[in-house]
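Below is one structure; the comments refer to it alone.
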Amino acid sequence: MALRFGANVSTADTDYGTVLLDERAGEYWELNPSGSLVVKTLMAGGDEADAVAALADEFEIDLAQASRDVEALVQQLRTSGLAE
């Protein structure tokens, strides 16, 4: 499923990853390069399987670990109210 940030979330790419600003709460979230890759894949219309494959390929980790990482990140983003 594609990922979409709420209207109250701003993003900025940095040299190290991506910073998210929850304008509603005034809180910043920092995504490392692997988190940034997952988010960019999902926001570009890819599904979680696409994000898992991209993560495993880019960072040379096994698919099971990549799947757990993608699932955890997506859950945190949705639970925090940053993503829909």
Side-chain angles (χ1 to χ4, degrees):
M1 168 185 287
L3 188 74
R4 196 176 80 194
F5 287 118
N8 59 319
V9 177
S10 299
T11 65
D13 291 328
T14 68
D15 290 338
Y16 183 68
T18 303
V19 174
L20 309 175
L21 169 61
D22 181 350
E23 297 170 5
R24 177 188 58 197
E27 295 178 344
Y28 286 93
W29 297 67
E30 185 175 359
L31 300 176
N32 63 19
S34 60
S36 293
L37 176 62
V38 169
V39 166
K40 287 177 183 178
T41 301
L42 295 172
M43 292 189 72
D47 61 16
E48 289 188 23
D50 295 324
V52 167
L55 188 62
D57 183 55
E58 179 71 22
F59 294 97
E60 298 180 0
I61 61 174
D62 64 72
L63 290 174
Q65 181 63 54
S67 180
R68 288 189 297 270
D69 292 347
V70 168
E71 184 179 322
L73 177 59
V74 169
Q75 182 178 356
Q76 286 178 329
L77 292 171
R78 289 196 170 126
T79 300
S80 69
L82 294 174
E84 303 169 350

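The basis for the numbers below is simple: all heavy atoms, side chains too, and nothing from hydrogens, waters or symmetry mates. No experiment lies behind these values; they were computed from the predicted model shown.
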Tell me, yes or no, whether the heavy-atom count around [X] atom [atom1], taken from other residues, nucleotides or ligands under 6.0 Å, exceeds 12.
X: R4; atom1: CZ; answer: no
X: Q75; atom1: CD; answer: no
X: F59; atom1: CZ; answer: yes

Between S67 and L63, is there a donor-acceptor pair closer than 3.5 Å when you use the side chain of the first and the backbone of the second?
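No.
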Modelled atom types, side-chain donor and acceptor of D50 and T41, under 3.5 Å:
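Absent: no donor and acceptor within the cut-off.
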Can a donor-acceptor pair be found between the side chains of R68 and Q65 at a distance below 3.5 Å?
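Yes, because at least one side-chain N or O of R68 sits under 3.5 Å from a partner of the opposite role on Q65.
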Stepwise side-chain contact (heavy atoms from CB on, under 4.5 Å) test for K40 and D13
CA-CA 11 Å; K40 287 177 183 178; D13 291 328; 3.6 Å; yes
Hydrophobic clusters here meaning ILVMFWY residues chained together by side-chain heavy-atom distances under 4.5 Å, can you tell me if L82 and Y28 are in one?
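Shared cluster, no.
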Do W29 and L21 belong to the same hydrophobic cluster, where Ile, Leu, Val, Met, Phe, Trp and Tyr are linked whenever their side-chain heavy atoms lie under 4.5 Å apart, directly or via other members?
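Looking at the clustering, L21 is in a separate group from W29.
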Do V74 and V39 have side-chain heavy atoms sitting under 4.5 Å apart?
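Not touching, per the 4.5 Å side-chain cut-off.
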For residues R24 and V9, determine if any side-chain heavy atom of one lies less than 4.5 Å from a side-chain heavy atom of the other.
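Not in contact.
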Approximate separation, where rounding is to 0.5 Å, of [X] [atom1] and [Y] [atom2]:
X: L55; Y: I61; atom1: CG; atom2: CD1; answer: 4.0 Å
X: L20; Y: E30; atom1: CG; atom2: CD; answer: 9.5 Å
X: E84; Y: L77; atom1: CD; atom2: CG; answer: 12.0 Å
X: L31; Y: T11; atom1: CG; atom2: OG1; answer: 9.5 Å
X: N32; Y: Y16; atom1: CG; atom2: OH; answer: 4.5 Å
X: L37; Y: L42; atom1: CG; atom2: CG; answer: 9.0 Å

Please report the closest heavy-atom contact between V38 and A51, naming both atoms and the distance.
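Result for this residue pair: CG1-CB, 4.1 Å.
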